[in-house]
There are 2 protein chains.
Amino acid sequence: MMGNDELVSECVKRPRDRIIDTAQLLFRKHGIRGVGVDAIAEEAGTNKMTLYRHFGSKDELIAECLRDTASGVEPFWRDLEAAHPGDGMAQLHEWVRAVASYASMEGGGCDLLTAAFELPEPDHPARLVVEAFKHEQRNRLAALCRAAGIVEAERLADALGLLLEGARVNRRTVGPDGASANFVTIAEAVIASFSAAAGAQAARD
Amino acid sequence: MMGNDELVSECVKRPRDRIIDTAQLLFRKHGIRGVGVDAIAEEAGTNKMTLYRHFGSKDELIAECLRDTASGVEPFWRDLEAAHPGDGMAQLHEWVRAVASYASMEGGGCDLLTAAFELPEPDHPARLVVEAFKHEQRNRLAALCRAAGIVEAERLADALGLLLEGARVNRRTVGPDGASANFVTIAEAVIASFSAAAGAQAARD
DNA sequence: CGCCCATGTTACCGACCTGTAACGTTTGAC
DNA sequence: GTCAAACGTTACAGGTCGGTAACATGGGCG
């Protein structure tokens with residue numbers, strides 16, 4: 001009696017993957033606490049028991065969804081390196097362009113932030129995923145700034161990181177026509193200012 | 001049989017105010033969806049019926065809490081004007097210092113962001129409050145930048161706004177030792193860069 | 001006093017939630 | 001074909017949720 005095809009395009013995958021995909025979708029639409037495991041299982045074309053056999057609990061399913069989302073940025077960093085090999089500054093500008101287009105997408109990169117806001121318990125398994133991911137991204141961006149020859153690389157990385165997270169949350173709160181629409185312009189200006197600071201310092205030496 | 005004093009310091013107020021204060025507290029601690037109206041009423045030293053008689057529904061209570069939180073920033077802007085009357089640039093630097101110290105407090109200014117993340121329904125009454133508030137803050141900050149003589153005032157205002165919201169969400173996700181710790185330094189650098197741009201343009205003329 | 005309005009109390013409804021038990025059914029590997 | 005693992009189905013437990021009804025109680029004010 002196979003053939004339950006509520007999500008036809010997904011039905012080729014195995015139940016475990018369908019559940020994760022569906023859960024990410026429904027979490028985005030209704031909030032993590034706003035959707036039950038039963039609804040997830042049904043929408044994924046399976047049932048609650050299979051869900052629990054795979055993930056054990058809803059909290060673990062949430063954490064697994066975030067791990068999946070987080071792992072999705074790996075090709076992003078690879079493309080960055082491949083697009084401008086050896087040219088750190090070009091990669092930095094490409095980073096701005098890429099994250100802006102990614103953040104403009106449906107739910108682009110907001111899953112981890114949403115989880116952090118929706119799950120206040122400090123020892124929730126999902127929180128560990130978020131913290132580790134955010135740390136890693138911060139370090140990667142700092143390395144990119146260093147490779148671009150920025151003197152205060154860590155500071156610029158933090159500035160860009162705050163701008164990006166601010167753009168995400170701004171878009172989430174007031175929609176796509178708010179301050180987040182100027183993210184690229186602002187980020188470029190900040191990069192230029194940090195580069196000019198290096199130039200000025202070099203000129204003084 | 002008056003005198004239920006679970007929150008002694010609050011019990012002088014009327015039930016309506018106690019409910020709002022308690023709700024804000026519990027919403028911050030457990031999330032909006034993580035606490036029930038019954039728990040709020042009990043913690044406020046009253047009961048569910050009076051809560052519903054005052055607010056009609058949980059959603060309206062949420063909106064009312066956000067309105068209360070939003071109205072709390074009024075003295076903040078007054079103090080800004082009073083601290084450095086007529087000196088827009090000094091007020092801008094004071095803004096950076098003040099919002100940083102405010103955002104470092106317990107739950108400082110995160111209530112509206114949390115609500116926006118926890119309540120995805122686009123027509124939720126709380127969302128209207130958040131959007132209106134964010135718009136107003138954006139305009140006020142832009143006016144402040146204009147008064148400070150910044151040429152691209154709107155752009156700087158958006159930059160500072162994104163940095164602030166980014167700092168809030170960063171603190172919420174990775175704690176107080178993340179990139180948000182550098183908010184003041186970064187904001188000052190961005191302000192300096194926008195001021196220098198004005199100076200350079202003036203020099204070119 | 002008598003009245004009224006805000007509040008307190010209790011009980012309840014229907015819906016939904018996470019999680020489990022027991023038992024069929026399919027599938028794929030050997 | 002066999003057998004075991006993965007999967008589907010149904011039913012249920014125990015709890016919490018938002019929201020309402022009916023009634024008791026109080027204090028303030030004319």
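A note on names: the letters A, B, ... follow the listed sequences, proteins ahead of strands, and every chain is numbered from 1. Just so it is clear, the model here is predicted, and its values are computed rather than measured.
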ask   = Should the pair A/R146-A/E154 be classified as a salt bridge under the 4.0 Å nitrogen-to-oxygen rule?
value = yes
query = Once you round it to whole Å, what is the distance between C1' of D/dC7 and CZ of A/R14?
reply = 11 Å
inquiry  = Rounded to whole Å, how long is the line connecting atom CD1 of B/I40 with atom C1' of D/dG18?
reply    = 11 Å
inquiry  = Using OP1 and OP2 only, check whether a side-chain N or O of B/T46 sits under 4.0 Å from C/dT7.
reply    = no
inquiry  = C/dA6, OP1 or OP2 - any side-chain N/O from B/H54 closer than 4.0 Å?
reply    = no
request  = Say whether A/E131 and B/T173, considering side chains only, have a donor N or O and an acceptor N or O under 3.5 Å apart.
outcome  = no
task = Check the distance between C/dA6's C1' and B/I19's CD1 and give it to me in whole angstrom.
result = 12 Å
Pairs satisfying salt bridge (charged side-chain N to carboxylate O under 4.0 Å, His left out), at least one member in residues 67-79 of chain A, at least two apart = A/E60-A/R67, A/E64-A/R67, A/E74-A/R140
Partners meeting side-chain hydrogen bond (donor to acceptor under 3.5 Å, both in side chains) with A/H93 (sequence neighbours left out) = A/E188
query = Mind checking what makes side-chain hydrogen bond (donor to acceptor under 3.5 Å, both in side chains) contact with B/R155, not counting sequence neighbours?
reply = B/E152
ask   = Between C/dT7 atom C1' and B/E42 atom CD, what is the distance in whole Å?
value = 16 Å
key: Presence of A/T50 side-chain N/O under 4.0 Å of D/dC7 phosphate oxygens OP1/OP2   = no
request  = Nearest whole angstrom, please: distance from the C1' of C/dT26 to the CZ of A/R53.
outcome  = 12 Å
message = For B/E118, give me all partners under side-chain hydrogen bond (donor to acceptor under 3.5 Å, both in side chains), at least two apart in sequence or on another chain.
response = none
key: For B/F117, all residues meeting ring-ring contact (aromatic ring centres under 6.0 Å, His included), sequence neighbours excluded   = A/F117
key: Those residues that, when tested against B/D38, pass side-chain hydrogen bond (donor to acceptor under 3.5 Å, both in side chains) (two or more places apart)   = none
message = Could you tell me how far apart B/N47 (CG) and D/dA22 (C1') are, to the nearest whole angstrom?
response = 14 Å
inquiry  = I need the full list of salt bridge (charged side-chain N to carboxylate O under 4.0 Å, His left out) pairs touching residues 163-173 of chain A, with sequence neighbours left out, sorted by first then second residue.
reply    = A/K134-A/E165
message = Under 4.0 Å, heavy atom to any atom of DNA chain D: which of residues 114-130 of chain A qualify?
response = none
ask   = To the nearest Å, how far apart are B/H30 NE2 and D/dT16 C1'?
value = 15 Å
Sort me out a list of protein N/O and nucleotides 17-20 of chain C N/O pairs below 3.5 Å, or just none if empty.
| unit_1 | atom_1 | unit_2 | atom_2 | d |
| --- | --- | --- | --- | --- |
| C/dT18 | OP1 | A/K58 | NZ | 2.8 |
| C/dT18 | OP2 | A/V37 | N | 2.8 |
| C/dG19 | OP2 | A/Y52 | OH | 3.0 |
| C/dG19 | OP2 | A/K58 | N | 2.9 |
| C/dG19 | N7 | A/K48 | NZ | 3.2 |
| C/dG19 | O6 | A/K48 | NZ | 2.2 |

